[in-house]
> 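Below you'll find the structure I mean.
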Amino acid sequence: MTNATTAYGPLPNSNPTQYIQRDYTAQFLSRLAKTNAPVLSTQPVLNAHPSLPPQFAQVPSLQRLAELGAADKESSWSAFQALWSELMMPNNQLDKETMQRRPRPRVLMALDGIANLACLTRYLSPSMHNIHPLDLTLPRHFVDCLSGATPLANGGAVFAADSAANRPATPALDLAVRQSEDVGTGERPLVDPEDPWKAIDERALVALRNVPVWRVGGLGRDEVKRMLEYYARSGMLRGRVTEGMVTEMWTMSGRGNVKELERASLEGIM
Amino acid sequence: MFLLSYSFLRHSFSVNDPTMAPQPCWRCLTRLSIRPPISTSVTSSSAFLPHPQNFSTTPSSLAASAAQRNAPKRGRSALKLTKNKREKNYKVPSVGERRALRKRIVLSNTNALEVSDLEDFSVENAADRDCIGEILQLRGATVDGLRSCQAFRTGQSWGYFRRPATMVREETVGLAKALEGAEEGGCVRGLIVGDRGAGKSILLLQAQALALMRGWVVMTFPDGMAYVLFSSAICHGLTTLPSARLDKRNNRLRPPP
């Protein structure tokens, strides 16, 4: 979303200027429509959306709304806004056509690679400054949901994983995680106490430090044993799984790191 | 050829000399085709021969015209060898083929043995503390849903086993219980952190699988960094906005004016 490989343009009448990534939004809507076809095809469109082009007028379901938004790149962002407002409608809406009350489904939002949203993007503004990810509409929407600024009206969950692949250096995210996990005195300065002169992205820090942290640790010995037994039953681990092997593999994998365990034990993985 | 014509001339001028050999007649001469001299002045040869013709057995109707014959040869004044071009005996991959190959997700390995007694990864099993450490298999519609929301990543080891399966961990149970609580209308938020290779993306995948099973709407952003690689094929496919223009030389988008 942030390495400047998709088309972008300014959102009209926005101050400060927000930028739309219409191709990315269209792909996002396409993915949404494909994944949630069984759920969204039963959800009717209850409101009129005059900002959308005429082909969106008589849309039978939210599934079709997402598909049309994916096909028409120019109106992909408006289509997403319409879809979001429909999903956030309260549950006691009556569908006048079928005279049924159909509750809106819960929403799960999942993002991999949150570190990319905690530092400046590679997009350039007209004044040749890097655009902040919170000035891009779709990333901003996600971060607002993650931080709680935009509540999920009908319930749901928002998860962001800090992927290690292609991870930029983000002091803002590291500090936000530390401040979120620390249940100490309650002082949460906008600078890193260990190095106050280090430049921190304040916007990202403020947005992310209110998010509860879910820390993933290593596997225990018992879990390592079960994993090795599964590998052996799959034929991808030669030899008997003994207590000695379990301890050895637990140690070699850095106290149960799954990826290192796979590297140490599975045939064919370097 | 010039010499040949000259020899006939010498003979013609010595008709009255009795010591010379018998001379061919003019009529015979005209039947032969004598190639005119290389010098381009056709008129000079015609001063000696009344009917200059080609001296070859090729009929004159098929012979090249004088203009074509006398035209200076175009081309090279130096010797030029052709390049030793290697023959392409491979097929150039089509646009996007290499990227598709690189980003393919393989979920099954037929060389692996089948482990058939695994239970399903379900909403109940994932929230059960007794299942911690158990490996549960992902089935059918869930796998299809996870594939379409791009939950599987290329660096993961799905391709080593017969069927996709995942382990229930302490964190998975916490996640499943949190989603159960959100079913009543609450909102769960989480920032999943940990060491490299600890299982953060897998935990996210488990969350997506549970949400799909519960009938939730799953919105995914598989890569915080744009997953659309910057290749010329994609650039050509982008219709340029009036605001952002494509700078082909530097392979980047120029900012809006």
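Here is the naming used below: chain letters follow the sequence lines, and residue numbers restart at 1 for every chain.
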> Can you tell which part of A:Met236 gets under 4.5 Å to a heavy atom of chain B, answering side chain, backbone, both or neither?
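Contact with chain B is through the side chain of A:Met236 alone.
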> Step by step, work out the side-chain contact (heavy atoms from CB on, under 4.5 Å) result for A:Asp162 and B:Leu191.
CA-CA 7 Å; A:Asp162 181 18; B:Leu191 197 58; over 6 Å; no
> Taking atom CE as the centre, does A:Met88 end up with more than 12 heavy-atom neighbours from other residues, nucleotides or ligands that are less than 6.0 angstrom away?
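Counting neighbours around CE of A:Met88, more than 12 heavy atoms of other residues, nucleotides or ligands fall under 6.0 Å, so yes.
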> State the NZ-CD distance between A:Lys34 and B:Gln150, to the nearest 0.5 angstrom.
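A:Lys34 atom NZ to B:Gln150 atom CD measures 8.5 Å (nearest 0.5 Å).
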> Can you name the closest pair of heavy atoms from A:Leu108 and B:Ala207 and give their distance?
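Of all heavy-atom pairs spanning A:Leu108 and B:Ala207, the closest is CD2-O, 3.7 Å.
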> With a 4.5 angstrom heavy-atom cut-off, could you sort out which part of A:Val39 is near chain B: side chain, backbone, both or neither?
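Only the side chain of A:Val39 comes within 4.5 Å of chain B.
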> Select, from A:Pro212, A:Pro139, A:Gly254, A:Gly220, the one with the greatest count of heavy-atom pairs under 4.5 Å involving chain B.
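Looking at each of A:Pro212, A:Pro139, A:Gly254, A:Gly220 in turn, A:Pro212 comes out on top.
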> Could you tell me which portion of B:Leu175 (side chain, backbone, both or neither) has an atom closer than 4.5 angstrom to a non-hydrogen atom of chain A?
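Both parts, backbone and side chain.
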> Mind checking side chain to side chain contact (heavy atoms under 4.5 Å, CB included) for A:Ala165 and listing every partner two or more places apart, or none if nothing turns up?
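For A:Ala165, the residues satisfying side chain to side chain contact (heavy atoms under 4.5 Å, CB included) (neighbours in sequence not counted) are A:Ser163, B:Arg153.
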> Give, for atom CZ of B:Phe221 and atom CD1 of A:Ile114, the distance between the pair rounded to the nearest 0.5 Å.
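Going from the CZ atom of B:Phe221 to the CD1 atom of A:Ile114 covers 10.0 Å.
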> At a heavy-atom separation under 4.5 Å, does A:Leu146 approach chain B through its side chain, its backbone, both, or neither?
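For A:Leu146, backbone and side chain are both near chain B.
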> Looking only at heavy atoms, what is the nearest atom pair of B:Gly190 and A:Val211, with distance?
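Shortest heavy-atom contact: C-CG1, 3.8 Å.
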> Tell me, for A:Asp222 versus chain B, whether the close heavy atoms (under 4.5 Å) come from the side chain, the backbone, both or neither.
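Nothing of A:Asp222, per the 4.5 Å heavy-atom cut-off to chain B.
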> Once you round to the nearest 0.5 Å, how far does CG of A:Leu111 lie from CG of B:Leu204?
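Result: 8.0 Å between the selected atoms.
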> Out of A:Gln21, A:Glu260, A:Met227, return the one with the most heavy atom pairs under 4.5 angstrom to chain B.
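Among A:Gln21, A:Glu260, A:Met227, the one with the most close pairs to chain B is A:Met227.
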> Return yes if some donor-acceptor pair links the side-chain N/O of B:Arg169 with the main-chain N/O of A:Gly217 below 3.5 Å, else return no.
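Judged by distance alone, yes, a pair lies under 3.5 Å.
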> Backbone N or O of B:Ile135 within a donor-acceptor pair of the A:Arg226 side chain at under 3.5 Å?
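No.
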> With a 4.5 angstrom heavy-atom cut-off, is it the side chain or the backbone of A:Leu219 that approaches chain B, or both, or neither?
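Both the backbone and the side chain of A:Leu219 come within 4.5 Å of chain B.
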> Looking at every heavy atom in both A:Val216 and B:Glu171, which two are closest together, and how far apart are they?
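Looks like CA-OE2, 3.8 Å.
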> If the threshold is 4.0 Å, N to carboxylate O, is there a salt bridge linking B:Asp195 and A:Arg255?
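Judged by the 4.0 Å cut-off on N to carboxylate O distance, B:Asp195 and A:Arg255 do not form a salt bridge.
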> Using a cut-off of under 4.5 Å for heavy-atom pairs, which of A:Ser253, A:Gly256, A:Ala176, A:Gly156 has the most such pairs with chain B?
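When all of A:Ser253, A:Gly256, A:Ala176, A:Gly156 are compared, A:Gly156 has the most.
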> Is B:Ala141 in contact with chain A via its backbone, its side chain, both, or neither, using a 4.5 Å heavy-atom distance?
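Neither part; nothing is under 4.5 Å.
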> Going from OG1 on B:Thr220 to CZ on A:Phe142, what distance comes out if it is rounded to the nearest 0.5 angstrom?
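Here the interatomic distance stands at 10.5 Å.
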> How many angstroms lie between NE2 in A:His141 and CE in B:Met219, if you round to the nearest 0.5 Å?
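Spacing of NE2 (A:His141) from CE (B:Met219) equals 6.5 Å.
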> Let's test your reading of the structure: which of B:Gln208, B:Arg162, B:Arg214 forms the most heavy-atom pairs below 4.5 Å with chain A?
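Looking at each of B:Gln208, B:Arg162, B:Arg214 in turn, B:Gln208 comes out on top.
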> Quick one: closest heavy-atom pair of A:Asn257 and B:Gly197, and the distance?
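Heavy atoms of A:Asn257 and B:Gly197 come nearest at OD1-O, 3.0 Å.
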> How far apart are the C-alpha atoms of B:Leu203 and A:Phe159, what are their side-chain angles, what is the distance that settles it, and do they pass the side-chain contact (heavy atoms from CB on, under 4.5 Å) test?
CA-CA 10 Å; B:Leu203 190 64; A:Phe159 285 109; over 6 Å; no
> For side-chain contact (heavy atoms from CB on, under 4.5 Å), just list the numbers for B:Val188 and A:Trp214, CA-CA rounded to whole Å, side-chain angles, deciding distance to a tenth of an Å, and then say yes or no.
CA-CA 11 Å; B:Val188 181; A:Trp214 294 54; 4.1 Å; yes
> I'd like to know which of A:Glu229, A:Arg167, A:Lys225, A:Arg215 tops the heavy-atom pair count under 4.5 Å against chain B.
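Between A:Glu229, A:Arg167, A:Lys225, A:Arg215, the count favours A:Arg215.
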> Against chain B, work out which of A:Ala161, A:Gly235, A:Ala164, A:Ser234 has the most heavy-atom pairs shorter than 4.5 Å and name it.
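Most heavy-atom pairs under 4.5 Å with chain B: A:Ser234.
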> Which bit of B:Gln156 comes within less than 4.5 Å of chain A, counting heavy atoms only: side chain, backbone, both or neither?
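For B:Gln156, no heavy atom lies under 4.5 Å from chain A.
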> Answer with side chain, backbone, both or neither: which region of A:Val177 has an atom nearer than 4.5 Å to a non-hydrogen atom of chain B?
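When you check distances to chain B, only side chain atoms of A:Val177 fall under 4.5 Å.
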> Between B:Cys149, B:Ala211, B:Ala165, which residue shows the highest count of heavy-atom pairs closer than 4.5 Å to chain A?
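Most pairs with chain A among the choices: B:Cys149.
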> Where on A:Leu87 is there a heavy atom nearer than 4.5 Å to chain B: the side chain, the backbone, both, or neither?
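For A:Leu87, the contact with chain B is made by the side chain alone.
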> Given heavy-atom pairs under 4.5 angstrom as the criterion, report whether the side chain, backbone, both or neither of B:Asn109 touches chain A.
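Only the side chain of B:Asn109 comes within 4.5 Å of chain A.
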> What distance do B:Ser116 atom OG and A:Arg233 atom CZ have between them, rounded to the nearest 0.5 Å?
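Interatomic distance, B:Ser116 OG to A:Arg233 CZ, rounded to 0.5 Å: 7.5 Å.
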> Could you check which of B:Ala112, B:Gly194, B:Cys187, B:Ala178 has the highest count of heavy-atom pairs closer than 4.5 Å to chain A?
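Result: the option with the highest number of such pairs is B:Cys187.
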> Can you tell me if B:Glu183 has over 12 outside heavy atoms packed within less than 6.0 Å of its CD?
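Yes, because the 6.0 Å sphere around CD of B:Glu183 holds more than 12 heavy atoms from other groups.
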> Does any backbone or side-chain atom of B:Leu118 lie under 4.5 Å from a heavy atom of chain A? Answer side chain, backbone, both or neither.
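Interface part for B:Leu118: side chain.
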> Indicate the atoms forming the closest heavy-atom contact of A:Cys145 with B:Arg189, along with that distance.
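Looks like O-CD, 3.5 Å.
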> On a heavy-atom basis, which atom in B:Ser201 and which in A:Asp112 lie closest, and how many Å separate them?
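Residues B:Ser201 and A:Asp112, closest heavy atoms: OG-OD2, 3.0 Å.
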